[in-house]
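One structure is given below, encoded as structure tokens.
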Amino acid sequence: MFVVKVGGGAGIDYEVFLNDLVRHRDYLLVHGGSHELNMLSTRLGVPPVFVTSVSGFTSRFTDRRTLEIFNMVYAGKQNKLLVEKLQALGVNAIGLSGLDGRLLEGRRKRALKIRRGDKKVVLRGDYSGTIEQVNADLLRLLLNHGYTPVICPPAISHEGVAINVDGDRCAAQIAVALQAETLLLLSNVPGLLRDLDDETSLIREIPRAELDRFMEEVAQGRMKKKLLGAKEALDGNVARVIIGDARGPAPVTGALCSGTGTVIER
Ligand code: ADP
């Protein structure tokens, strides 16, 4: 089986992506919604705030109001749109956020240690964290009865509070929990680029032993999280991770059958 995560960036045509996805069997879909969330939160007067942790990873500062809008976009609009489109294509999709049935449970990080210029600052009131446990029984129950789960953040903290978690790492954890063979992380770039301004500078393969170096030296911003997710999946016994483009005419088939994108093998 494979786990595919489709990003929420600008420029992705979900119709084309899903038409290609349904040509395959035995998969589970994880999705993002970042672009839509940025637009809606701005319209609602809560513009997005991104922070960089002391270890160099970028994430969204998620206060309670942002979390509410996050739910509207991820668990609402995006999730139901994908479920609707899959249903129209004859797939019995079922949408779940990480809250439902404690599907994705983790630890809330109450204080964020971030960099602001040269200074280190502690930010409080953030609702985000990391997944520590996936309810694989629930996923198997659904898969064994012919349902195709369509999954999105937020996750749930051990105390039962919604937390924003990274979508790529979420897909990685699910792939590990189900011991999937392949994890596909599809977004609006061809894969890991040596030069972000040049789409032809695609790195076709990352040797497993050099993943850390690529994470530090080549990936910037959000791409770092994708490589971190890839690392977590491979460490958890997933055989292959492909970071690919969700925008082409056959994004899933291209990645799965021809290795289009950046491939990292265990
Ligand atoms: P999604 O929401 O679709 O998962 P992200 O925005 O999280 O996508 O990550 C993809 C983004 O990572 C790209 O749009 C790009 O701006 C950024 N990025 C940073 N460094 C790189 C790199 N070296 N190669 C490709 N993309 C990169």
Side-chain angles (χ1 to χ4, degrees), residues 1-8 14 17-18 21-22 26-34 36-37 40-41 59-60 62-89 91-110 126-180 183-186 225 229 232-233 236:
M1 86 162 309
F2 68 97
V3 173
V4 53
K5 189 252 174 177
V6 63
Y14 290 109
F17 162 74
L18 293 173
L21 178 63
V22 300
D26 205 17
Y27 59 83
L28 195 147
L29 177 61
V30 178
H31 68 86
S34 52
E36 192 76 29
L37 174 58
L40 183 65
S41 59
S59 63
R60 182 186 299 274
T62 312
D63 60 9
R64 191 65 203 180
R65 181 69 182 130
T66 302
L67 186 71
E68 285 170 9
I69 305 168
F70 187 100
N71 268 324
M72 292 178 206
V73 172
Y74 280 68
K77 184 173 176 182
Q78 294 291 103
N79 190 270
K80 296 316 148 196
L81 182 80
L82 291 169
V83 169
E84 181 191 19
K85 287 189 184 296
L86 281 171
Q87 287 290 349
L89 290 167
V91 173
N92 202 357
I94 179 165
L96 294 167
S97 79
L99 289 166
D100 300 283
R102 299 187 92 85
L103 178 58
L104 308 169
E105 190 170 330
R107 190 172 36 87
R108 179 178 169 199
K109 215 186 291 161
R110 286 172 184 275
D126 183 54
Y127 287 82
S128 64
T130 2
I131 298 168
E132 290 179 336
Q133 210 171 304
V134 174
N135 187 345
D137 283 348
L138 176 58
L139 293 178
R140 280 192 213 100
L141 184 81
L142 294 169
L143 291 165
N144 289 341
H145 285 78
Y147 296 98
T148 298
V150 178
I151 301 170
C152 64
I156 188 165
S157 74
H158 299 305
E159 297 78 25
V161 174
I163 48 173
N164 181 5
V165 289
D166 178 68
D168 295 308
R169 292 178 72 193
C170 159
Q173 300 286 338
I174 292 169
V176 170
L178 294 176
Q179 288 292 286
L183 169 65
L184 287 185
L185 299 174
L186 303 181
K225 285 266 175 81
E232 288 169 346

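Because the structure is predicted, anything quoted here is derived from the model rather than measured.
Residues Ala171 and Leu185 come closest through the heavy atom pair CB-CD2, 4.2 Å. In plain terms, the two heavy atoms of Pro154 and Ile163 that are nearest each other are CB-O, 3.2 Å. Across Val30 and Cys170, no two heavy atoms sit closer than the pair CG1-SG, 4.1 Å. In terms of heavy atoms, Leu143 sits closest to Tyr27 at CD2-O, 4.2 Å. Across Asn79 and Val150, no two heavy atoms sit closer than the pair ND2-O, 3.0 Å. Across Val73 and Gly33, no two heavy atoms sit closer than the pair CG1-O, 3.7 Å.
Ring pair Tyr74/His31 is parallel by interplanar angle, where below 30° counts as parallel and above 60° as perpendicular.
Few gaps surround OH on Tyr14; more than 12 heavy atoms of other groups in view lie less than 6.0 Å from it.
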* To do: Would you please test Ile131 and Arg169 for side chain to side chain contact (heavy atoms under 4.5 Å, CB included) and show each step?
  => CA-CA 8 Å; Ile131 298 168; Arg169 292 178 72 193; over 6 Å; no

* **Audit row: Val161, Arg64, side chain to side chain contact (heavy atoms under 4.5 Å, CB included) steps and yes/no** => CA-CA 11 Å; Val161 174; Arg64 191 65 203 180; 4.1 Å; yes

* To do: Before giving the answer on side chain to side chain contact (heavy atoms under 4.5 Å, CB included), spell out for Leu18 and Val91 the whole-Å C-alpha distance, their side-chain angles and the decisive distance to 0.1 Å.
  => CA-CA 10 Å; Leu18 293 173; Val91 173; over 6 Å; no

* Carefully, step by step, assess Thr148 and Leu29 under the rule side chain to side chain contact (heavy atoms under 4.5 Å, CB included). => CA-CA 8 Å; Thr148 298; Leu29 177 61; 5.5 Å; no

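How far CG of Leu86 is from CG of Leu21: 6.5 Å, rounded to the nearest 0.5 Å. To the nearest 0.5 angstrom, Gln173 atom CD is 9.0 Å from Leu104 atom CG. Rounding to the nearest 0.5 Å gives a distance of 10.5 Å between CD of Glu132 and OG of Ser157. The NZ atom of Lys80 lies 10.5 Å from the CD atom of Gln87; values are rounded to the nearest 0.5 Å. For the atom pair CG (Leu178) and CG (Leu183), the distance works out to 11.5 Å, reported to the nearest 0.5 Å. How far NZ of Lys225 is from CD of Glu232: 10.0 Å, rounded to the nearest 0.5 Å.
Arg108 places no side-chain N or O within donor-acceptor distance of the main-chain N or O of His158, the cut-off being under 3.5 Å. Between the side chain of Gln179 and the backbone N or O of Gly236 there is at least one donor-acceptor pair closer than 3.5 Å. One N or O on the side chain of Asp100 and one on the backbone of Ser97 form a donor-acceptor pair closer than 3.5 Å. Under the 3.5 Å distance criterion, the side-chain polar atoms of Thr62 are matched with a main-chain donor or acceptor of Arg60. Asn164 contributes no side-chain N or O that, together with a main-chain N or O of Pro153, makes up a donor-acceptor pair within less than 3.5 Å. With hydrogens and angles ignored, the 3.5 Å screen pairs no side-chain donor or acceptor of Arg140 with any backbone N or O of Asn135.
Salt bridge status for Asp168 with Lys5: present, with a side-chain N to carboxylate O gap under 4.0 Å.
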